[in-house]
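For reference, the structure is listed below as structure tokens.
Values reported hereafter were calculated over all heavy atoms of this structure, with side chains retained and with hydrogens, waters and symmetry mates removed.
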Amino acid sequence: MPATTPTLKIPYPLDSDPLRSFPQVAKDAATILDSASTIKTATLPLFDGAWRYDPEGGLVRTINGTNHLSISLVRTGSSFHMDAGGIIDLYRVNNVVKVPSTREWVMVGTLFGPGIWPMPIFLNNGLVRVLCYGPVDIHQNQTYRGSAVWVA
């Protein structure tokens, strides 16, 4: 009889197992690995009505506990200026996907767009936020893109 790994209980053959049992052991192992692998998708709600999704913007793919956020947003509200140190809130995450359980800001990616340098994206209290390192002008009808990845 095969032995199993401690965490996922994946079977593996022992030296004493007959060779004819190896295909079944391999099939059992593949079945366990396949069922342990999960992919879920969710679209994050926008923080406010001043943005709209571009195709697949706001889509989070959670693959085996790692969250991959695709950001593609069009500014529908008025253009605005943000000084260095300003914060732009993009999405609300609460109850949609898991986020790190910390009160600290967690850097998860980068946002870029026309006329702006790439800016860091952080998770903070269930919000996807952008920190402006320098002065930034966000323009109406312009598209801003980025990505973020985190484990929670």
Side chain to side chain, Cys132 and Asp83, heavy atoms closer than 4.5 Å: no
Members besides Ile87 in its Ile/Leu/Val/Met/Phe/Trp/Tyr cluster (side-chain heavy atoms under 4.5 Å): Trp105, Met107, Phe122, Leu131, Tyr133
Ile63 vs His68 side-chain heavy atoms within contact, under 4.5 Å: yes
Student check: side-chain heavy atoms of Leu123 and Val128 closer than 4.5 Å: yes
Side chain proximity check, Met82 to Ile138, heavy atoms < 4.5 angstrom: no
Non-hydrogen side-chain atoms of Tyr91 and Leu46 separated by less than 4.5 Å: yes
For Arg129, all residues meeting side-chain hydrogen bond (donor to acceptor under 3.5 Å, both in side chains), sequence neighbours excluded: Asp89, Asn124
Any donor-acceptor N or O pair under 3.5 Å, side chains Asn141, His139: no
Atom CG of Asn95 with >12 non-hydrogen neighbours under 6.0 angstrom: no
Distance (rounded to the nearest 0.5 Å) between Asn67 CG and Trp150 CH2: 5.0 Å
Hphob cluster co-occupancy, Val99 + Phe47, side-chain heavy atoms under 4.5 angstrom: no
Member of Leu69, Thr41, Ile71 meeting the side chain to side chain contact (heavy atoms under 4.5 Å, CB included) criterion with Leu59: Thr41
From CZ (Arg20) to CZ (Phe22), nearest 0.5 Å: 11.0 Å
Spacing of Gln24 atom CD and Asp17 atom CG [to the nearest 0.5 Å]: 12.0 Å
Whether Thr31 side chain and Lys27 backbone form a donor-acceptor pair below 3.5 Å: yes
Hydrophobic cluster membership, Val74 vs Tyr144, 4.5 Å side-chain cutoff: no
Joint cluster assignment, Val106 & Val97, ILVMFWY side-chain distance < 4.5 Å: yes
Exercise: identify the closest heavy-atom pair between Pro100 and Ala152: N-CB, 3.6 Å
Side chain Ser79, main chain Gln140, donor-acceptor under 3.5 Å: yes
Leu111/Arg145 under side-chain contact (heavy atoms from CB on, under 4.5 Å): CA gap, chis, key distance, verdict: CA-CA 6 Å; Leu111 181 78; Arg145 292 188 169 86; 5.7 Å; no
Check: Val93 and Lys98 side chains under 4.5 Å, non-hydrogen atoms: no
Heavy-atom side-chain proximity of Leu73 to Thr143 below 4.5 angstrom: no
Point-to-point distance, once rounded to the nearest 0.5 Å, from CE of Met119 to CZ of Phe112: 11.0 Å
Sub-4.5 Å side-chain heavy-atom contact between Val149 and Thr66: yes
Spacing of Ile88 atom CD1 and Ile116 atom CD1 [to the nearest 0.5 Å]: 7.0 Å
Which atom of Gly49 lies closest to which atom of Thr76, heavy atoms considered: O-OG1, 3.5 Å
